[in-house]
Every structure is written in structure tokens, then in C-alpha cells.
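No experiment lies behind these values; they were computed from the predicted model shown.
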Amino acid sequence: MSRRQVLGIGGALGLMAVTGLSSAAALSRRPTTTGAKLRSAVPLPPTFTVPLPLPSVLRPVSTVDGADRYEITQRETVLEILPGVKTPLWTYNGTFPGPTIEARRDRPVIVTHHNELPVPTVVHLHGGRTPPESDGYPTDLVLPDGWQDPMPGMHGMHGMQMPAMSDPRAVVTRQTRDYTFPMAQRPAMLWYHDHRMDFTAPAIWRGLAGLHIIRDDAEESLGLPAGPRELPLAIMDRAFDDHGNLAYPALDPTLREQPGVHEPYLAGVLGDVILVNGAPWPVHEVDAARYRLRFLNTSNARHYELEAVTYDGRRLDLVQIGADQGLLAAPVTHQSLPMAPAERYDVVADFSGVPVGSLVTIVNRLGSGRTHDVMAFRVARRAADDSRVPTVLSNDLPSWNRSDAARVRDFSFRAGRMNGGHGWLIGGQPFNPTRTDVTVGLGDVEVWRLIADVQHPVHLHLAGFRVLSRGGKPPLPHDAGLKDTISLQPGESAEIITCFDGYRGRYLFHCHNAEHEDMGMMANIEIV
């Protein structure tokens, strides 16, 4: 790092950048990459032969008292992901991904989850401005019928043999729990997933994820591509064993007692099959028109750099209209988009200049071999198109300034030793549900300075944020808008600004490399 970059970080993080990155990177074993790749043991289909599935939209069971109520059952099922191969999954309502919830801004959503899985679960609405009792804190478990241990997993926290630890603030229910989401936030594509203490990574890997989209009249009046020309695209990687099961290197394959993964995968688990909406390398027929592509990276650890490439090697513009927390103020045009786990990008791609019958391929410039390809669009026909991308998308983005900040905080995200083993630490400490790491006043604006040893996608619960700088320099084009997850590259620093104006209570911030998260890289925020 240059002296200017170190000074741009400031404070304790500047010192850590000079003295601490080398030791942290050595502990991580892979200082410039994330994770180790699993190899599938079943035949894999050719690319771009399986049709793209679109997740079903869940219907409410009632719409009374100004709220929409839904019911979701978490259960085991067997589905065909690879053609001709049956794969057992943990699912929401028997589908992979789970059903999509379509919500309206300021109209509350109440979701009753029934746990029929063999392990406890927790549901987190990622990106939601949610009261703490419904935010999906990792110890607020929904226990399955017959489960005896009220705090499962805590005795082996972060993959280590540790003394028993309990969380006196945990709210534990049996079999059923209601989650209330007020939806008092900007329109955006959120997602829900399991957030169980120490077992988030394998639970998401086995299928516990789904989409949650918020809409409002103002966004719908913009004339953006809509209906069949709006496509949610949840990208993930997986691997399959010789029986068609999802392969995952869990220390305890039952996910009941010992958390963690085998040593080669401590930096994160990567698969060799790229799925979109649960299908391998799918293809989708499109008109020669504009399409709204709502990308979500639901991978545990894999990063992507997406490009749309025509049959003759030309790159299509990806016109970004939204980020994690909704519409940008104005469009930003990219030819490639980096995506860390949990990030969302809302883009418009124009297929009108592509010859009918040809393919546009979405590729990952960070992938190799078959993980280079993601999916394809086949331009099937000419068609009328009255959609547009207006020059002004929204005018309700927060305008926080550095001068508004009540305080500035420094956080390091780095590998370290804990309890005789490998861990992933924030500020040198592994997660402890009984410790308050940050106390902030309701309505306070803060600037946070973050630095990473290896790749860490940092996610903040409850509050969206703006990126102020990277390495002491202006933010990158893909940092535009309001975000809830920021991708930090090896050795990179960043500053974010946010306002904790949602609710009082206990929340989290953490790395969204799911294996890092399970191995200690979370911290508590108490909003008072």
C-alpha cells in the first residue's frame, strides 16, 4: 500500500495496514483469493441448454388490517437441479430458490414460518428495515419438534471446542414464528435466508434462500422494463457428489452439533456448477428489446465480475439503475460489474441491436473453465418496446455529509487465531452474542472506516449506507446509490456513511462470506 493510501485510511487502521496485514494474510493461507473449489462427481449438462426458471410469487393467505400475511414451511424435498439427477434440498415451501414475496412500500408484511427441518432455523430479511425481534438474530431460533438443546450449536461455536455459551437475550420458539416486516423503506430487491448461529453457510448452500421485492407507484411510473421483461436473477455456485447430493465440506454433515468446514475450505466454499434461479447455466428467450435484469449474488463465497457478451465478442452496456437498497439518482453505465456475495445490481440491458437467433452470454471474468459461464439470452424475435431509462431515477436518496457524523469508527476484518484454531475476526475479536461491540444513538449519523486482509463483503443490518471512499480515493462507479453490502478486496480500505434511524435494539454487521461469518466474523450493534 502507498503512504497516501495508508494515510487515507487513518487512525488505528493505518497502523494495522502497515503492521497487521501480512500476519493476517499468512493465517488466511490464501491472501489473494477466497475459498477452495469443490469438484462435482456427476455428469454436468452442457451450458445454455436448461431453460431459466423464474421463482414463483407467493400469494398472501390474508390481506386484512392493512397488512399482507404469508405462510412458509421450511421442509426437506427432492428436486431435479441437474437434468435427470435428483437432489435433496432444504427449502422454503418446497422450491429452490424459495418463493418470491412481492410487497408494497409502507404496507406491512407478516410471514409465519413453520420449521419442519431436522435442525433449528432463523430467518433474516437481508436489506430489510426490520424491528429487532424480526431481524433474524442468529440465536433467535425456531426449534424443530423434539429438539432438546435450547441453544444448539453454541457449545461448539465457530468450529472450536468451547465452553457452553448461552445468550440470555435470545428469543427461542418451537416450530413456528411470525416475522413482521413494516416495509417502510425504498423499493428494492431484498432476499431472505437462514441466519442460524454458526450454520448459516451450509443452510444457504442446501437451499434456504428466496427473494423479497418491494415496489411503489413512483418506481412503476418511470417506464422501466416490466412484466416478462423484468427478470430476477439469483446467481449461486454449488457442487454435487456422485449420488446427486449437494456436496459441502461440513465437519458435521447433519448440521446438528459441530459447526465449521474442513481445513482447505476455511477461506470459503466454492462450487464448480453455476446456477441461476436454481438451474445450471440456463438460457432464456428474449425479445430484441430492453430488459431489467435484477442480479443477486447468493453464493457463499464466490465473487463475480459480470459481462454481457454478444455472439461476435462485443460487450453490451449494463446500465445500472439500482443498488442493494433501491434506485440510483441517475443511471450509471458499465461494461462489467463486480459482485460480492449478497450484493444486488439492478441493470437494464438492451438486446435491440442483437441479431435475432443469436446468443448474448453472461460471463464471469473471475471464473475459469466452466465457472466462466453464467447464463445466456437467446434473442428470439423483433418486438415493440415502449420502455425507457429516464435520466432521473429517484430523488429520495439520503444526503448525509461527513460533517453530520457524530463519530468515526475503525474496523478491521482479518484472519486470526482464537481458541487454538483459525478464525475470522472483526477488530481482533470473534463474535460473541453476549458482548456489545458498538453502541449508537437512534438517529445518529456515523462514518465507518473498514479495512480487509482478504476479500470480505461487509453487510450492515437495518441501515443502508453510502460509500464515501476507497483507499483514500473517490468511490468506484459501481459503488453508486444506497447499499447494505460493500465488497472489500485484499488489503483494501473503504469509508461508508450511514444513519441508524430505524429502530432501537440489537443488530449485526458481519462479513457475508458465509464461511467467514460462521467462523466468528460478526459483531453486535446496540441502538439506544
Side-chain angles (χ1 to χ4, degrees), residues 48 50-58 72 79-82 87 89-103 123-128 188-195 200-201 203-214 228-239 246 269-271 273-284 291-306 308 318 320 322-325 337-347 349 362-364 367 371 373-377 457 459 484-485 487 512-514:
F48 318 141
V50 177
L52 173 74
L54 296 177
S56 61
V57 175
L58 191 62
I72 291 178
L79 297 174
E80 187 175 296
I81 298 175
L82 303 177
T87 299
L89 294 161
W90 290 359
T91 69
Y92 295 117
N93 273 11
T95 68
F96 175 62
T100 297
I101 291 177
E102 293 260 5
V123 177
H124 170 55
L125 178 59
H126 182 117
M189 188 174 80
L190 315 181
W191 62 300
Y192 61 98
H193 61 80
D194 193 71
H195 213 298
T200 293
I204 293 175
W205 189 272
R206 291 193 183 189
L208 292 180
L211 299 176
H212 185 121
I213 298 174
I214 308 171
R229 292 180 184 170
E230 178 187 346
L231 300 174
L233 301 171
I235 305 172
M236 63 201 82
D237 59 335
R238 296 292 187 269
L246 288 173
V269 179
L270 309 177
V273 178
I274 304 299
L275 307 176
V276 182
N277 295 349
W281 301 287
V283 62
H284 186 67
Y291 276 72
R292 184 178 184 179
L293 310 179
R294 308 190 75 160
F295 290 113
L296 160 66
N297 182 355
T298 57
S299 302
N300 280 27
R302 183 177 291 280
H303 291 242
Y304 300 82
E305 187 172 335
L306 300 180
L318 298 173
Q320 185 186 355
D324 300 334
Q325 289 281 309
L337 267 179
M339 284 192 71
E343 283 192 299
R344 284 93 71 208
Y345 285 101
D346 192 350
V347 306
I362 304 296
V363 301
N364 175 24
T371 64
D373 293 318
V374 176
M375 67 169 295
F377 298 98
H459 170 50
D484 56 50
T485 306
S487 176
H512 221 290
N513 177 316

message = side chain to side chain contact (heavy atoms under 4.5 Å, CB included) for V276 and L52? Distances and angles first, verdict last.
response = CA-CA 7 Å; V276 182; L52 173 74; 3.8 Å; yes

Could you report the tightest heavy-atom contact between [X] and [Y], atom names first, then the distance?
| X | Y | result |
| --- | --- | --- |
| D237 | L270 | OD2-CA, 3.4 Å |
| I362 | F377 | CG1-CE1, 3.7 Å |
| N513 | P457 | N-CG, 3.4 Å |
| Q320 | V347 | CA-CG1, 4.0 Å |
| D324 | A342 | OD1-O, 4.5 Å |
| I274 | T371 | CG1-CA, 3.9 Å |

query = So, H512 versus W191, ring centres under 6.0 angstrom or not?
reply =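 Between H512 and W191, the centre distance is under 6.0 Å.
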
Sub-6.0 Å ring centroid separation between Y192 and Y92 =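 Y192 vs Y92: aromatic centres under 6.0 Å.
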
Sidechain-backbone polar pair: R302 side chain, P341 backbone, donor-acceptor under 3.5 Å =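 Judged by distance alone, no pair lies under 3.5 Å.
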
task = Could you tell me whether a side-chain N or O of Q325 sits under 3.5 Å from a main-chain N or O of G127, the two making a donor and an acceptor?
result =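 Judged by distance alone, yes, a pair lies under 3.5 Å.
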
key: Whether H193 and H124 hold their rings parallel, tilted or perpendicular, with breakpoints at 30° and 60°   =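 Aromatic pair H193/H124 classed perpendicular.
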
request  = Determine whether the side chains of E343 and N297 contain a donor N or O and an acceptor N or O closer than 3.5 Å.
outcome  =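 The answer is no; no qualifying pair exists.
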
State the [atom1]-[atom2] distance between [X] and [Y], to the nearest 0.5 angstrom.
| X | Y | atom1 | atom2 | result |
| --- | --- | --- | --- | --- |
| R294 | E230 | CZ | CD | 5.0 Å |
| N300 | M236 | CG | CE | 10.5 Å |
| M375 | F48 | CE | CZ | 9.0 Å |
| L190 | D484 | CG | CG | 7.5 Å |
| L79 | L89 | CG | CG | 5.0 Å |
| M189 | H212 | CE | NE2 | 12.0 Å |

Just wondering, do [Y] and [X] contact through their side chains at under 4.5 Å, heavy atoms?
| X | Y | value |
| --- | --- | --- |
| V57 | I213 | no |
| T298 | I204 | no |
| R229 | R292 | no |
| H195 | T200 | yes |
| I72 | V123 | no |
| N277 | L233 | yes |
| H126 | T485 | yes |
| E305 | N364 | yes |

message = Test side chain to side chain contact (heavy atoms under 4.5 Å, CB included) on W90 and D194; report intermediate values, then the result.
response = CA-CA 11 Å; W90 290 359; D194 193 71; over 6 Å; no

ask   = Do L306 and M339 pass the side chain to side chain contact (heavy atoms under 4.5 Å, CB included) test, and can you show the C-alpha distance, the side-chain angles, and the key distance before you say yes or no?
value = CA-CA 8 Å; L306 300 180; M339 284 192 71; 3.6 Å; yes

request  = Under the side chain to side chain donor-acceptor pair (under 3.5 Å) rule, collect the residues that match up with Y304, sequence neighbours excluded.
outcome  =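 Partners of Y304 under the side chain to side chain donor-acceptor pair (under 3.5 Å) test: S299.
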
Ring pair (Phe, Tyr, Trp, His ring centres under 6.0 Å) partners of Y345, counting only residues at least two apart =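 Here no residue qualifies.
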
